[in-house]
Amino acid sequence: MKDSKDEQAGPNGVTINGESSAKRKSRSKSAEGGTAAASKRSGRSQARTVTVVDVAEEAGVSIATVSNVLNRRDVPLSDEVIRKVEEAAGRLGYRKNRMAASLSKQRTNELGMLIPGFDSYFGKLAEEMENLAHRCGYHLSVFSSRSNAAKEKRHIEALLERRVDGLFCHGLTMSHDSIRRLVGSETPIMLFNAWEWPTDAALGIVNLDFYAACGQAVRYLQEKGCRTFVYLGAAGAEATDRQRRSGFLDAAKSLPDSVNVHVVEMSQSSLEEAIEEIAGFARNDSAGPVGIVGFDDSTAFRIMMKLVEKGFAVPEQFKVIGINDEGYARDCYPSMSTFAIPHKSQAKLMIEWLLTHLGEERKLEEAGLETFRPPAGVKERHIPVTLVARMSTEGRG
DNA sequence: CGCACCGCTGGTATGCCGTA
DNA sequence: TACGGCATACCAGCGGTGCG
């Protein structure tokens, strides 16, 4: 569909010298009873930017018609008027004043997003979200907080001061009560990767299902002949770790009693100490290979490389699975099995959920997206992640 | 002097009514 | 039907005014 708003943008700083008659007319009312401050302000704008008033005058139509042409294509308009307004806007280099429009509509068409950092998965997710938001006529501002509660508060305050129409936040470091007090009820907030968060803290929560993934990893390793299972924990990551750890441990409970299950706390021991401990499992526990599930790719990768360096065989003695599907998991040798994160479907669901809530069904449709209304009472959705099997569990083919 | 209150300002969107 | 014209709302800050 043709979008006049995209075409009318002119060179920045295009100005009109001297006032239009419509402008003079509208100003004259206040100027008569005007204050000193008012005349000072009007004197300041010797060169001002192009407004709808100028476009209306240039096109020979009313301001209402300009507004209708540029914003409301559903009102009856002749092709001739549309053409005249679009040409006038183009000639003058008219650029919509978002601040004024927001003031009038009580909508800024701005969305805010808070992520822990721009690296790997979060960067990809933010980029996808920005693309989708743009397609729907929204602008997305993304801030990174490095999981620092004070920084989170500062960024959220800044976004709320900009009157964003909605917020996307990862599982924050700040308390649930703090975010509720901070955001209030006026601004809808979508949480993502917010495990263990109460569902009433947000409009909705979109979580990646790492619990199921870690359970799947255990069963998959069992099928591959593993009799010893190790989870490489990152206790410092709190809820993120707890979700993966409980998925691993709960799945391990359903394994036969003869298997051995261990958790190695990576944050509490050096890499050498961790390798020593893990190597011990291979010697002591069983004749089968040891299955290792890492908290993430980075953790799994460091352990796998160290095992190879020490002369252990991957995947014959140790089978390793990470989480995140970082580029190096594919490119290293042996290539590492991992879980791919469907950041595109996660981003799509979050945008669709929030914009449906904002009543933007039409924009979603125009952008080729769908509306999303969760069933009554449902406020949390899980996005499944996909196992990508590679050499570290499958062998060298 | 300090304070409270009022009116005005910026630019746009939109509803309603009038008119050709 | 296809416009024009007008009024109003939106928000935050500033200046003016009146009062104690």
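A note on names: the letters A, B, ... follow the listed sequences, proteins ahead of strands, and every chain is numbered from 1.
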message = The test is ring pair (Phe, Tyr, Trp, His ring centres under 6.0 Å); show your working for A:Phe281 and A:His262 and say whether it passes.
response = CA-CA 9 Å; A:Phe281 302 146; A:His262 305 277; 3.7 Å; yes
Check the angle between the aromatic planes of A:Phe192 and A:Phe122 and answer parallel, tilted or perpendicular using the 30° and 60° thresholds.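 Answer is tilted, since the angle falls between 30° and 60°.
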What is the separation between atom [atom1] on [X] and atom [atom2] on [N], rounded to the nearest whole Å?
X	N	atom1	atom2	answer
A:Glu80	C:dA2	CD	C1'	13 Å
A:Ile63	B:dG11	CD1	C1'	10 Å
A:Asn68	C:dG5	CG	P	14 Å

Next item on the list: Report yes if a side-chain nitrogen or oxygen of A:Tyr94 is closer than 4.0 Å to either non-bridging phosphate oxygen (OP1 or OP2) of B:dG11; otherwise report no.
Entry: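 For A:Tyr94, the contact criterion (side-chain N or O under 4.0 Å from OP1 or OP2 of B:dG11) is not met.
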- Query: When rounded to the nearest 0.5 angstrom, what is the spacing between CZ in A:Arg242 and CZ in A:Phe210?
  - Reply: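 That separation rounds to 15.5 Å.
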